[in-house]
There are 2 protein chains.
Amino acid sequence: MSARRPSVRPRGAGPIGPAPLFAALGDETRLRLVARLCADGPLSIVRLTAGSGVTRQAIAKHLRVLAHAGVVRGIRHGRESVWELELRQVAEARRCLERISSQWDEVLGRLKTSVER
Amino acid sequence: MSARRPSVRPRGAGPIGPAPLFAALGDETRLRLVARLCADGPLSIVRLTAGSGVTRQAIAKHLRVLAHAGVVRGIRHGRESVWELELRQVAEARRCLERISSQWDEVLGRLKTSVER
DNA sequence: TTGACATGCAACCATATGGTTGCGTATAAT
DNA sequence: ATTATACGCAACCATATGGTTGCATGTCAA
């Protein structure tokens, strides 16, 4: 938000990258979608909608969001569009979390020794 | 959202869990916060605010969001409150992503063989 | 050709979210 | 005792978001 502030990009620190991806995964409905997709393989929108508790249009929207984040990809097949997982970005997110973990561990170690001495 | 719909919990599928966590990480400012924390170790709010491009209050809000998601923990130390990473939930998120990846790989394999035969 | 089915598109709505300002308060420093 | 710091709380604001309904369109089946 804050469209007033002309996106002054704090000072320093380039594009953080994976944030939009996490945002895409940060919705229950969406996460349930990817769970479904990674469990049952490629599915059409109606299939995905069935038992989702929300409208077909809502599902379509979510799919587009996921697609925009590169988590999912849809191809039109006849009159239906089939959606499947795209792992690349997910892997990226994983790397991000791993980096955080290892970096924090390292810092912890540093702090510990600095206390010990 | 959808407060009207009395949280009917689709049909089947219990609490998805990690979604709120991803949501917490799904904001640039917040992600930059955890990056900062995991790089420099525990920091006070003013320290974290410096060079962030947003208000101290905004930072405080974000920290509370992260804390609520279990990514971060703050303890009051004198007149300042110091915040540090808490890795447990992050690890949870990692596991979630890994599960997705491996499950998808498995499905891919199954599909492939079913095509081959 | 006609109808059913799967989507796409658009408008609309309520609430969540990220941000701000302003003010009160506890703690540290002079 | 005063002043300066570091913070919490609350109100407010604009926009984003998740969801809906309604309708138009393309495609398969009889």
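Worth knowing before you read on, the calculation uses all heavy atoms, side chains too, and leaves out hydrogens, waters and symmetry mates. Residue numbers begin at 1 in each chain, while the letters A, B, ... track the order of the sequences.
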(request) Could you check if a side-chain atom of A:Leu85 sits within less than 4.5 angstrom of a side-chain atom of B:Ile100, using non-hydrogen atoms only? (result) yes
(request) Return no unless some side-chain N or O of B:Arg30 is found under 4.0 Å from OP1 or OP2 of C:dT17. (result) no
(message) We want to know whether B:Arg94 and A:Ser101 form a side-chain donor-acceptor pair, criterion being a heavy-atom distance below 3.5 angstrom.
(response) yes
(request) Could you tell me which non-hydrogen atom of B:Arg56 sits nearest to which non-hydrogen atom of B:Thr49, and how far apart they are? (result) CA-OG1, 3.5 Å
Please tabulate the protein-to-nucleotide N/O contacts below 3.5 Å involving nucleotides 5-7 of chain D, giving atom names and distances.
unit_1 : atom_1 : unit_2  : atom_2 : d
D:dT5  : O4'    : B:Arg79 : NH1    : 3.1
D:dT5  : O2     : B:Arg79 : NH1    : 3.3
D:dC7  : OP1    : B:Ile45 : N      : 3.2
D:dC7  : OP1    : B:Ser81 : N      : 3.1
D:dC7  : OP1    : B:Ser81 : O      : 3.4
D:dC7  : OP2    : B:Val46 : N      : 2.9
D:dC7  : N4     : B:Arg56 : NH2    : 3.2

(message) Would you say A:Thr29 places a side-chain N or O within less than 4.0 Å of OP1 or OP2 belonging to D:dT17?
(response) no
(request) Starting from P on C:dA6, measure out to CD1 on A:Ile59 and report it in whole angstrom. (result) 15 Å
(message) Could you check whether any side-chain heavy atom of A:Val107 comes within less than 4.5 Å of a side-chain heavy atom of B:Cys38, counting everything from C-beta outward?
(response) no
(request) Tell me, yes or no, whether the heavy-atom count around B:Arg36 atom CZ, taken from other residues, nucleotides or ligands under 6.0 Å, exceeds 12. (result) yes
(request) Whole angstrom is fine here: how far is it from NZ in B:Lys61 over to P in C:dG22? (result) 16 Å
(message) If I take atom CG in residue B:Leu33 and atom P in nucleotide C:dG18, what distance separates them, rounded to the nearest angstrom?
(response) 12 Å
(request) Round to a whole Å and report the spacing from CD1 of A:Ile75 to C1' of C:dG8. (result) 18 Å
(message) Quick check: closest heavy atoms across A:Ala69 and A:Ala24, and the distance to 0.1 Å?
(response) CB-CB, 3.5 Å
(request) To the nearest Å, give me how far apart CG (B:Asp27) and C1' (D:dT17) are. (result) 14 Å
(request) Provide, to the nearest angstrom, the distance between the CG atom belonging to B:Leu63 and the P atom belonging to D:dG8. (result) 9 Å
(message) Tell me the interatomic distance from B:Leu48, atom CG, to D:dG8, atom P, rounded to whole angstroms.
(response) 12 Å
(message) Regarding B:Glu92 and B:Arg88, does a basic nitrogen lie under 4.0 Å from an acidic carboxylate oxygen?
(response) no
(message) Are the side chains of A:Arg30 and A:Val65 in contact, using a 4.5 Å heavy-atom criterion?
(response) yes
(request) Kindly determine whether B:Trp83 and B:Ser81 satisfy side chain to side chain contact (heavy atoms under 4.5 Å, CB included), including the steps that lead there. (result) CA-CA 7 Å; B:Trp83 296 77; B:Ser81 80; 2.9 Å; yes
(request) Select from A:His62 and B:Arg64 the residue whose nearest nucleotide in DNA chain D is closer to the 5' end of that strand. (result) B:Arg64
(message) Angle between the end axes of the helix from C:dT1-D:dA30 to C:dT30-D:dA1, five pairs per end, to the nearest 10 degrees?
(response) 30°
(request) Nearest-nucleotide wise, let me know which of B:Gly78 and B:Ala58 is further upstream toward the 5' end of DNA chain C. (result) B:Ala58
